[in-house]
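Below, each value reflects all heavy atoms present in this structure, side chains not excepted, and no hydrogens, waters or symmetry copies. First the proteins, then the strands, lettered A, B, ... as listed; each starts at 1.
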Number of protein chains: 2
Amino acid sequence: MPTATRQRIIEAADDLFYRRGFDHTSFADIAGEVHISRGNFYHHFRTKDEILAAVIEARQASTRAMIRLWEDQEPTPEGRIRCFIRIVITNGALIERYGCPVGTLTSELAKLDHPCMEQARSVFSVFRDWLTEQFTALGHKDQADELAMRVLAFSQGVATLHNAFGDEAFVQREVGSMEQWLSTYSEHLKRKEP
Amino acid sequence: MPTATRQRIIEAADDLFYRRGFDHTSFADIAGEVHISRGNFYHHFRTKDEILAAVIEARQASTRAMIRLWEDQEPTPEGRIRCFIRIVITNGALIERYGCPVGTLTSELAKLDHPCMEQARSVFSVFRDWLTEQFTALGHKDQADELAMRVLAFSQGVATLHNAFGDEAFVQREVGSMEQWLSTYSEHLKRKEP
DNA sequence: GTCTATAAGCCGATAGAC
DNA sequence: GTCTATCGGCTTATAGAC
């Protein structure tokens, strides 16, 4: 049973880890955001790694919630994959300023040689596995994972360069090109259906 | 005229900034690597920002040197662009462990809101401008920059996922696919030449 | 140019009162 | 559950001897 304070700590840490980076965020920063003392903070989380694990767990949950939303909104696999492709536009303002939350965290944890690296990678896997399901439903079971990884790589490349150059026209162009690529993989199914 | 010690500091800092990240690397870490005292260190660089600027300048120079090497080895624009595409294989072992040196630095500096961010982005620009030249030479002047950005985004997407998943087969597959894509853009020129 | 010594402050983490 | 007080260690950076 998470207390309200614990939940507020996780939300503040999630935000600060994204905007400032994990290593650069101190306990004092998080405590200040939640308006509690550092002593109180340690009542809820004993180590920094503990709160990182809680933050990543929260991100996994919110990722799954977003995916369920896409599934409710879009009945076809093509429409659902399109939702993923368009994240780089949907979250464009944040990505331009702070990059992709998933990619920048795994990059940082890799350099820190942090034990939570595997857990952070699993956020990527939530997207990867779901995209693989969608491409399987599109009738490309044999190469579904390969296609999922390609779409994932697209999102990371666009996010990194949007963060570096701040060029919105580039993002729009790449999304358009990727959507066109997707439609060629969907035609296969359309031809088979009446 | 850079002294030998100054040069050794820059090389050690370059390596540590890449492997551990800029923020996580301390003066003591660099001084320890070079086997000098912290006091001596401050004789050469007064602030951490100063050494970061020197490191980025060194990276720009080494990037230009690598490009000159490609130009010597490959006479055609297609061959030269292929050299860039294959970096993710050439530097595969380091990328798997620490990510792309350019992409991870810009991501970190963006979060730190660091004044050297613009300078770090210019390392990307060295690649971008050179790739634009190559695509112009291939006969695609109108969309040369767009094609350059696509190849750049490819490298960043592959590097981030290689760092996250450590899947070498994925890298090989994506490089092969990108080389095939490149050859379709080169055929245009081949048809015009006798 | 290179060193030791040290300042001033922030870090994660703990103890114990209420 | 929340607080204050505090520890030991590490940080950037400076002063000054050699």
Measuring from the side chain of B/His43 (C-beta onward, heavy atoms only), which nucleotide among C/dT2, D/dA13, C/dC11 has the closest atom? C/dT2
Distance below 4.0 Å between B/His44 side-chain N/O and C/dT2 OP1 or OP2: yes
Rest of the hydrophobic cluster containing A/Leu69 (Ile/Leu/Val/Met/Phe/Trp/Tyr, side-chain heavy atoms under 4.5 Å)? none
Whole angstrom value for the distance that separates P of D/dT2 from CZ of A/Phe45: 13 Å
Atom CD1 of B/Ile51 to atom P of D/dT12: distance rounded to whole Å? 11 Å
Take the protein atom CZ of A/Phe41 and the nucleotide atom P of D/dT2, then report the distance between them rounded to whole Å. 13 Å
Nearest-angstrom distance from the residue atom NE2 of A/His24 to P of D/dT12: 12 Å
For D/dA13, does either OP1 or OP2 sit under 4.0 Å from a side-chain N or O belonging to B/Thr47? no
What contact category does B/Phe27 fall into here, base, sugar-phosphate, or nothing, at under 4.0 angstrom with non-hydrogen atoms? sugar-phosphate
To the nearest Å, give me how far apart CZ (B/Arg38) and C1' (D/dA13) are. 11 Å
I want to check one thing: is the phosphate of D/dT11, taken as OP1 and OP2, less than 4.0 Å away from some side-chain N or O of B/Ser26? yes
Looking only at the side chains, is there a donor atom on one of B/Gln60 and B/Ser122 sitting less than 3.5 Å from an acceptor on the other? yes
Give me the ring orientation class for A/Phe165 and B/Phe124: parallel if the planes are under 30° apart, tilted from 30 to 60°, perpendicular past 60°. tilted
To the nearest angstrom, how far is A/Ile36 atom CD1 from D/dT2 atom P? 7 Å
Whole-Å distance separating the CG atom of B/Asn40 from the C1' atom of C/dC3: 8 Å
Phosphate contact (D/dG1 OP1 or OP2) by A/Thr5 side-chain N/O below 4.0 Å: no
Rounded to whole Å, how long is the line connecting atom CZ of B/Phe22 with atom P of D/dT12? 9 Å
Does a donor on one side chain sit under 3.5 Å from an acceptor on the other, for A/Asp29 and A/Ser26? yes
